[in-house]
Structures are given as C-alpha cells and as structure tokens.
Amino acid sequence: MKRSMIDYITQGNVYAEFHPATEKRKSIRMKYFIIALVILCSACSRIDNALDAEDIRPYAITVKANSVIPEITSTAGLKVVFENFAEGFRLERTLGTGATAIDSLIPGIYSINISGRAQTTDGDVYYLNGAKINYAITANGGTVEIDVDGLKVSPLVFTEIFFAGTTPFYFRNQFYEVYNNSDQTIYLDGLCFANLTPTTATTNLPLWPAEDGADYAYAERIWKVPGNGTQYPLLPGESFVMSQFAANHQLPQYNPASPVDCSSSEFEFNMDNPNFPDQPAVDMQHVFYNGNASKGTLPQYLTSVFGGAYVIFRVPPGETYDPVNDPALKTRNLASTSTTQYAKVPIRYILDAVEAGNNQNSINAKRVPSVLDAGMTYVGATYNSLGVARKVSDITNPDGSPIFIDTNNSTDDFERGVVPQFRRHGSKMPAWNHTN
Amino acid sequence: MKKLYIVLLLTASFGASAQQTQRNTPAAFELRQQRSLWQRSGNPAGLQLDRPYRYSQLKAGYEGYNGNFHRPQEGVSGNRQIVETQGGIFLDSCYLTGSFNYRREGIKAASFNASIIDPFRGMPYIIADLNPSDWVQQHYQLQFGIATPSYGRWSWGLGASYNASSGAKQRDIRTENYYYALSITPGVIYALAPNQDLGLNLRYANVKEEAAMSNVNTYVDQTYYELLGLGTAVSMLGSGRTNNYEGDSWGGGLQYRYSGKATLFLHLNYLVEAEDLTISFTVPRDGASVLRRSWEAGATVQQESSRLMHTLSARYYNRHIDGIQYITQRDNSGSQQGWMTLAKYVRSTFKTTEAALDYSIVGKKGNDDYSWLANFSVRYRKLNDEYILPYSFKRTENAYIQVGAKKNFRLGGSQLLVGLNAGYNRNLSGGYAYNGANKDYVVVTQLETNDYRYLASDFIRAELPVTFSFRIGREKKNVMFVNGYAGYTKAESSGFDHRIAYGAAVGVNF
C-alpha cells in the first residue's frame with residue numbers, strides 16, 4: 001500500500017519517512033477536498049437562504065402624526081396615504097385620535113404622506129403636511145411617527161413643465177410655466193429658478209455635508225428674473241413661461257413635430273449659441289454654475305429629458321444670497337471625487353418645487369426633500385412630446401381664472417403625459433409679454 | 001475539460017473498431033434506448049446492467065420551425081444547426097458512455113425577453129422589453145457516465161455533464177448572455193439478489209448565467225419591465241441592467257429493479273435547487289431568488305420475448321417553485337454606498353404536476369433490431385401559478401393523448417423507418433386573473449394573457465419521422481443514415497393557427 005508517510009516503530013519511538021511525490025499528491029487531494037467543501041458550503045448556503053424566506057402576508061402598523069404647531073393638538077381627520085410606487089400599491093386611510101392602526105399593508109418600501117386641514121384652539125385653519133419617504137415596512141406591528149407642519153402655501157406654482165423633448169432627439173423646446181395662484185400681484189423681479197442635482201433621478205444619491213442637515217436643496221444651475229423690482233408684475237390668474245429656447249420650434253429649421261411654439265415665452269435661458277440666436281423673450285440672468293457666475297461652455301441649457309427636479313425661490317428681503325462668492329453656500333458631492341460645485345438653496349427660500357423622473361418607480365430616487373415635494377411626476381419616456389400639467393381645483397378666481405391644486409405632492413398634483421401647451425385652463429398672459 | 005473531449009474521441013474511435021453487425025442500425029439504437037432503464041434513471045452505476053455494448057454515432061442536422069402557435073417568448077420562427085456525437089465503450093471492465101452536442105440556433109422575433117437565454121427554465125425574474133427581436137444562440141452539451149463492474153454485490157458509477165450556452169439579442173435592448181451548468185452524479189448499486197438491484201445516486205449541479213444589457217442607439221431609451229411573476233412588473237426606462245444568476249442544486253435518486261419473466265423498474269428522484277439573481281456587479285443588489293423543489297416517481301414494466309417487447313411505464317412529476325423577492329434599500333451614507341437587504345419574502349409560487357402513462361409494443365427482428373413498433377401514451381399536466389399578494393393566478397390543466405407507430409422496411413441491404421405520431425391535447429380547465437397594479441401593462445395584456453391562451457389551447461399534432469439507412473465501408477460494417485421529420489400542430493383556439501417543425505440530419509453509426 002502506498003502511503004505518503006511510512007510510519008514505523010523502532011524501540012518504542014515513532015519515526016516518519018518523508019516522500020516528496022506522495023506529499024504532493026496528498027496536498028492536491030487536500031486542495032480538492034477543500035474546494036469540494038467550499039462548493040458544498042456555498043450550495044448549502046444558497047439553498048438555506050432560499051429556505052429561510054417567509055411567506056408574505058399583510059402587515060399592520062400604527063401611525064402617529066405629531067403636530068409641530070403648538071396650537072394644533074389633534075391630528076384626527078388627516079389623511080394618510082401609503083404608496084409603494086414600485087409595486088403600484090396605494091392605501092389611503094383617515095387618522096383617528098392619537099395613534100391609528102393601519103392594516104393590509106404589503107411589506108415594502110413606502111412613501112407615507114399625511115395631509116389635511118386642522119384647526120387651532122384659536123379657530124385658525126392650517127393645511128398640515130408631513131411625510132416619510134423610502135420608509136421600509138418589513139415587520140408586523142411597530143409604530144411610525146411623522147411630524148406634520150403647517151404648509152407654506154406658495155403664491156407661485158409650476159403649472160406646466162415640458163422636459164421630454166420631441167423625436168428625433170429634439171430637446172430645445174423644453175419650457176417651464178409658473179402661475180400666480182394667489183389673489184395678489186407678485187413682482188417676478190429677482191425670482192430665481194434652478195434645477196437640482198442629481199440632474200436625473202438615481203438611487204445613487206450624493207452625500208452632502210452633515211452640518212447642512214435638512215436645510216438645503218442643492219442646485220446645479222441657478223437663473224434669476226432680471227428687473228428693478230417692479231418691472232415684471234404678475235397679476236392673479238396670470239402665468240409666465242421660461243423656455244430653453246424661446247423660438248417657434250415648429251419652423252422647418254427646428255422641428256415641425258414639436259407640440260409647442262415657444263415664441264410667446266416671457267423669458268428664455270439664452271446660452272449665447274449663435275446657431276440658436278437670441279429671441280425676443282427676455283433673457284434670464286445667469287447666477288450660478290459650477291461655482292461660477294459665468295454660464296460655462298455648454299451650448300444650451302438642457303435639463304434631463306428623463307425629468308429633472310426644479311425649484312423657484314426668492315431671497316427674503318434683507319438677506320443676501322451669493323453662492324458664487326460665499327463658500328458656505330456651495331459644496332461638492334462628498335460621495336465622489338468630482339470637484340463640481342453645487343449651490344446650496346435654503347429650503348426656506350423655496351416657493352415651489354416639482355420633481356420629475358423616468359416613471360413612477362423613480363420615486364425611490366428622490367432628490368427633493370419631501371417637505372417641498374412629497375411625490376414625483378413623469379411622462380414615462382423620452383422624446384415623446386408629452387409633458388406634465390398641474391391639475392386645477394374646483395374653485396376659480398372671481399374673474400374665472402383657475403386656482404391650481406397644490407398639496408406639495410406632484411404625484412397627485414400633476415396630470416402626466418399631456419400634450420404640452422402654454423397657459424392651459426385659461427391662465428392669462430402678463431401685459432408686458434413682448435407679443436402684446 | 002480537454003481530457004473529457006479526448007475521452008469522448010477515444011470512445012468514438014474504439015467504437016468504430018468494434019462494430020457489431022445488427023447493433024448499429026437506427027432501429028437498434030431506438031431499441032437500445034428503450035431497454036436502457038438504468039441509463040434513463042440517471043444513476044450511472046447502472047450502465048453495466050443495461051446490456052451495454054460498444055457503439056458510436058456522429059450526426060449533423062438542421063431543424064426549423066414556424067407558425068403563430070407559440071408562447072410569446074418563443075420565436076415566431078427559427079432554425080437550428082446541430083452536430084451530435086455519442087458513444088459507449090468498455091475501458092478494461094468499466095463501461096463509459098459520453099456525448100457531445102453542439103447547437104446553433106437563430107430565433108426570429110421573440111418577444112418580452114431581454115435578459116435570459118431560456119425564459120422557460122424556471123426563472124421568472126427576467127427583463128422584458130417591447131421590441132420583438134432575433135436571438136442568436138449557441139449551445140454546447142458535454143456528458144459522460146462511467147460504471148464499474150460489480151465488486152461483490154456493489155457497483156459504482158459516476159456521471160457528469162457540462163452545458164454551456166451563449167446568446168445575443170439583436171435589437172435594443174440588446175443583451176449578451178453566457179450560461180453554464182455543471183453537474184456531477186455519483187451512484188451506487190447494491191445487488192439484493194441475483195435478480196434484484198437497489199440503486200442510489202446523488203446529484204450536485206451549479207448554474208450561472210450572466211446577462212449584460214445595453215442599447216446601441218443610446219439616444220432612444222427603451223421601456224422595459226422587471227418581471228416579478230404573473231404580470232406583476234416594475235416599469236423602467238433606459239438600457240436595461242446587468243443580471244447575474246447563480247444557482248446550486250442537490251438531489252438524489254433511488255432505484256429498484258426486479259428481473260424475472262418481466263423486468264420491473266421503480267425510481268424516485270428528488271431535487272432541490274436555489275438560484276439567486278443579483279443585479280449589477282459594481283453595486284450589487286439582491287434582485288430575487290427562486291427555490292425549486294421537484295420530485296419524480298416512476299414505474300416501468302418491461303416484458304420481452306423473442307418476438308415482442310412490451311413496455312408499460314407510469315410517471316408522476318411534481319415541481320414547486322417559490323419566487324422570493326427582496327426588499328432592498330440604497331444606503332448612500334459615506335461609509336456604505338451600496339444596497340442593503342432588509343427582508344425577503346416568498347411572493348409567488350409556480351407549481352407543475354404531471355402524470356403520464358405510456359405503453360409500447362415492439363415487433364422484434366432478431367435480438368437487436370425491430371420490425372415495427374406501436375405506442376400509446378396519455379399525459380396529464382397541471383400548472384398552478386400564484387402571485388400571493390396582491391393575489392393573481394394562472395392555471396391550466398391539460399390532457400394529451402398520443403398514438404404512434406413505426407415500420408422498419410428492408411430495402412435490399414438498406415432500411416427505411418417510417419413512422420407516424422398523432423396527438424390531441426384537450427384543455428380541461430384554466431384561468432388567468434391579474435389583480436395587481438398597472439393592469440394596462442403589456443406584460444399583463446399581451447405577455448401573460450397570450451401565454452395563458454397558448455397553455456390553455458386545444459390542439460392536434462401530427463409528426464412523420466422517416467429514417468433511411470444503409471451500410472457503408474468495405475466490410476459494410478458501418479451504417480450511414482439520413483433522417484427527417486415534419487411536424488404540424490393545429491391549434492383549436494382563436495388567435496392561434498398552427499406551428500410547423502421540420503428537420504433533417506445525416507449521420508453515421510460506427
């Protein structure tokens with residue numbers, strides 16, 4: 001019999017005779033044995049992992065809304081909506097007094113929104129709103145507590161956004177329409193517009209300085225309405241349009257398939273591209289891009305045709321906002337090595353925000369804090385000539401102009417996949433529009 | 001792997017020098033197949049109990065199919081080029097069998113599959129897109145089995161197989177896929193008595209498939225669906241993703257054979273498989289898993305005289321697949337930057353139950369050839385797929401009856417085998433109800449709905465196989481054959497019409 005070690009006993013001692021070739025065979029056998037063992041363990045582990053999965057069943061959790069307005073002591077009657085966007089599951093309930101049990105929830109990742117009117121002890125009525133985004137429900141029972149705050153009702157709201165472009169790959173007809181949803185005249189002078197970063201919805205979110213907390217949104221580029229303070233009044237019921245390129249896109253040299261003619265826009269984002277010359281619309285004033293006031297070298301101001309995140313904001317009187325020169329108001333993405341600078345936009349400046357994504361499943365890649373926009377809108381494809389439009393409420397202004405719905409949730413507030421048009425639902429054009 | 005090729009080539013060459021006159025006709029091959037109860041059981045230790053002899057076969061062929069009676073993920077038409085070789089040889093007192101098959105397949109206009117070479121292999125978690133597309137696929141199958149002689153009451157055996165496939169979808173969203181499956185099957189047989197044997201085999205297999213999707217036209221983002229089962233899907237936009245499937249399986253089989261005036265063969269197999277889908281290599285995310293458990297039981301009675309051979313077999317098969325979905329969340333904190341798996345649940349089940357009864361009678365010509373054969377079979381098949389929450393189901397229950405006959409004409413020194421098989425499928429019951437979100441998704445309205453309609457269709461089928469063979473070589477020891485078949489399936493269902501399949505091959509038996 002061949003053995004790698006021949007043992008024999010001499011005078012009561014044990015000796016081992018060493019054979020290199022047989023040692024090598026033993027080593028190879030050991031290697032095979034270890035490989036086999038690894039395969040065996042790996043196979044068992046995969047099967048064990050699968051056997052370990054429990055059958056799905058509906059879960060119940062308890063929801064508690066905490067009012068941050070001291071005068072509001074009860075949140076009973078508020079509406080709570082659970083939405084699992086990936087699975088298209090939605091469940092709506094009304095909160096009772098104290099904690100409310102919610103059953104029939106499919107385990108998953110949810111956006112939980114609480115909203116509704118509540119009355120203070122003094123009789124004042126607030127529109128309360130609070131949310132938790134990407135909240136994982138993976139256990140039966142448990143309690144989720146959500147702070148609800150009085151909603152800042154914006155006088156200016158985005159009412160129409162067209163970002164998807166037109167086939168084949170024509171994107172210069174992007175535009176953003178903003179409406180005066182209040183009963184007062186608003187001067188647009190100094191109003192800022194920005195698109196946030198990441199420019200396209202992604203779950204690979206940036207990492208921002210921890211000291212920022214939840215106080216900022218982060219802009220890639222900022223523009224401002226020029227003017228001396230009273231140059232561009234917007235009356236109740238009026239809207240204005242900011243276009244990437246304020247031309248008639250249906251002309252042969254552009255794209256006759258374009259659904260819109262942007263030549264009546266009030267403003268345009270002029271990037272000084274001689275191939276797409278300056279139009280009669282007023283040029284927006286450039287504020288910030290990559291840490292600088294200059295526009296950079298890009299030939300157009302293109303936001304993502306998948307859908308971006310857009311904000312309008314105004315710097316409160318008495319404050320200065322200079323993200324170019326104030327290092328505290330700009331930052332880079334700490335999760336990457338890129339040196340690109342982004343402007344910090346204080347949340348409290350923001351009047352309205354709308355987040356758009358590829359489709360309903362982009363909600364798990366939200367860029368906009370839920371206090372600004374708890375949802376997301378979409379058109380589901382690129383270059384399909386479709387846009388999104390804010391829904392109108394049942395009530396109108398005395399002159400018949402519409403009042404638009406604004407619950408800070410663009411999933412609910414916007415109609416999706418509409419053919420874009422200017423001044424829908426009877427919105428009026430301001431008197432200072434260049435076509436008048 | 002090279003060693004395995006060499007052994008197979010040796011097998012073929014040794015077989016060529018060991019021709020035995022009546023044992024290498026196409027009819028003899030069929031008869032051998034019918035007698036090889038141990039080989040069909042999957043226990044390689046039983047190869048020596050199947051009246052083994054040395055043989056080799058090499059053939060090349062072409063097959064095609066066409067017609068609108070097909071599942072949505074099958075091609076509207078397609079063709080295959082095939083090269084196959086197999087053989088059996090004695091190495092000392094051991095018996096070795098081996099085979100190598102190559103198949104190149106061109107599939108035309110297959111729909112709702114942008115991520116997997118075989119969408120019917122029991123993996124429901126795939127990507128479906130909207131563009132019917134051609135696929136080009138290549139498949140390699142290498143297999144061997146070796147059996148020792150009896151050592152006292154014990155016989156030992158070892159089998160292994162290696163399957164490799166590659167596939168490429170030809171239209172955006174394109175995908176390039178690589179698949180392999182490696183299995184190893186050790187077996188043992190214990191002779192209870194001179195006419196009774198008890199067999200046991202184990203089986204381990206490892207499977208992997210990688211699918212890398214992309215768009216050639218990067219300006220057009222494609223709509224695609226992440227399928228979760230029975231129409232439940234997540235709609236996405238873009239160029240797809242990278243899917244990495246990895247699976248392991250363990251199983252085993254028990255066999256019992258009694259040989260008397262008739263042979264009784266019983267077998268029982270059990271297999272448990274787990275396959276995981278991981279999405280992306282760079283930032284991997286648990287996509288889904290499946291757990292497949294299948295068992296099979298069968299009984300065969302074979303009685304052979306000098307003139308006739310009767311075979312009656314019954315088989316029961318049950319497969320249960322758990323579809324497991326993960327709840328994952330992206331962690332974008334500085335220390336993590338990856339996907340966390342928070343929970344996993346069995347979200348769907350896919351059950352298949354089959355029962356079959358087959359009877360065949362063979363009119364023998366000598367001991368190793370046949371003059372005619374006739375067979376009759378009836379098969380019951382039930383599919384019961386459920387998505388648990390929200391509850392959806394797809395069920396079908398079918399009975400299939402087939403009769404067939406084959407005649408072996410002798411034309412001088414040549415043989416002409418002409419057969420005819422006719423079958424009828426009757427749908428007994430079925431239904432598809434989707435109660436999830438997004439009922440308007442095409443994966444509900446077209447993919448699952450049409451798949452159900454196909455599975456629940458009545459149809460009749462006829463097939464005509466013909467094989468002409470003649471002896472070649474100076475000593476007329478080897479056999480060359482040309483075979484062909486034409487099959488026609490006529491659906492009795494609105495929306496479907498027919499499907500034809502045809503093929504031809506030329507080969508040599510050494």
Side-chain angles (χ1 to χ4, degrees), chain A residues 36 39-40 42-58 84-90 104 106-109 134-139 167-169 200 202-208 210 305-307 334-336 357-362 364-365 378-383, chain B residues 182 184 204-206 219-223 226 228 232-238 246-250 272-276 283 285-286 289-293 322-334 337 339-340 342-349 387-390 436-439 441:
Chain A
I39 291 172
L40 183 76
S42 145
C44 290
S45 127
R46 185 166 281 125
I47 291 168
D48 284 348
N49 174 61
L51 284 167
D52 199 31
E54 62 176 290
D55 287 354
I56 197 161
R57 62 190 172 93
N84 180 333
F85 290 94
E87 299 199 18
F89 177 77
R90 179 188 166 98
S104 306
I106 298 173
I109 303 290
N134 292 340
Y135 186 82
I137 296 177
T138 56
T167 190
F169 320 125
T200 303
T202 170
T203 51
N204 190 8
L205 291 173
L207 186 64
W208 304 119
V305 290
F306 286 99
L334 304 182
S336 86
N358 304 359
N359 57 23
Q360 67 272 31
N361 304 310
S362 305
N364 62 359
Y378 51 88
V379 295
T382 53
Y383 301 105
Chain B
L182 182 66
I184 186 161
Y204 167 75
N206 177 260
Y219 292 104
V220 177
D221 296 290
Q222 302 288 338
T223 297
E226 182 183 324
L228 302 174
T232 304
V234 179
S235 169
M236 315 286 262
L237 193 65
E246 289 179 290
D248 288 300
S249 63
W250 279 105
V272 56
E273 307 166 88
E275 187 173 346
D276 298 333
V283 188
R285 173 164 71 93
D286 287 337
S289 294
V290 293
L291 179 69
R292 307 183 195 100
R293 280 168 288 195
D322 283 338
I324 298 162
Q325 291 175 226
Y326 294 87
I327 295 178
T328 56
Q329 199 164 39
R330 174 95 188 193
D331 183 349
N332 288 300
S333 64
Q337 295 282 319
W339 289 94
M340 299 180 300
L342 306 177
K344 59 177 184 277
Y345 298 96
V346 176
R347 297 293 304 264
S348 50
T349 57
Y387 198 83
I388 299 170
L389 205 61
N438 306 309
K439 291 182 169 63
Y441 279 1

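The figures here come from the full heavy-atom set of this structure, side chains too, leaving out hydrogens, waters and symmetry mates. In this text, all values refer to a predicted model and were calculated from it rather than measured experimentally. By convention in this document, chain letters (A, B, ...) are assigned in the order of the sequence lines, proteins followed by strands, and residues within each chain are numbered from 1.
- With a threshold of 4.5 angstrom between heavy atoms, B:Ser235 approaches chain A through its backbone and through its side chain.
- Of the atoms belonging to A:Leu51, heavy atoms from both backbone and side chain fall under 4.5 Å from chain B.
- A pairwise comparison of heavy atoms in B:Leu237 and A:Ala381 identifies CD2-CA, 3.6 Å as the closest pair.
- Considering all non-hydrogen atoms of both residues, A:Ala50 and B:Ala274 come closest at CB-CB, 4.1 Å.
- In terms of heavy-atom proximity, B:Tyr345 sits nearest to A:Ile56 at CB-CB, 3.9 Å.
- At a 4.5 Å heavy-atom cutoff, the contact between B:Thr328 and chain A is made by backbone atoms alone.
- B:Asn438 CG to A:Glu87 CD: the interatomic distance, rounded to the nearest 0.5 Å, is 10.5 Å.
- Taking CD from B:Gln222 and OG1 from A:Thr382, the interatomic distance works out to 9.0 Å, rounded to the nearest 0.5 Å.
- Atoms CZ and CG, from B:Arg330 and A:Leu205 in turn, are 7.5 Å apart once rounded to the nearest 0.5 Å.
- Between A:Ile47 and B:Ser249, the closest heavy-atom pair is CD1-CA, 4.5 Å.
- With a 4.5 angstrom heavy-atom cutoff, A:Pro58 touches chain B via backbone and side-chain atoms both.
- No donor-acceptor distance shorter than 3.5 angstrom exists from the side chain of B:Gln329 to the backbone of A:Ile109, with no hydrogens or angles considered.
- Here B:Thr232 contributes atom OG1 and A:Phe89 contributes atom CZ; the two are 13.0 Å apart, rounded to the nearest 0.5 Å.
- For A:Arg57, the part sitting under 4.5 Å from any heavy atom of chain B is the backbone (N, CA, C, O) and nothing else.
- Ranked by non-hydrogen atom pairs under 4.5 Å with chain B, the options A:Thr167, A:Ile106, A:Asp52 are led by A:Ile106.
- Taking chain A as the reference chain and counting heavy-atom pairs below 4.5 Å, the highest number among B:Leu342, B:Asp276, B:Thr223, B:Val220 is found for B:Asp276.
- Options A:Ile137, A:Thr138, A:Leu334 differ in how many heavy-atom pairs under 4.5 Å they form with chain B, and the most are formed by A:Thr138.
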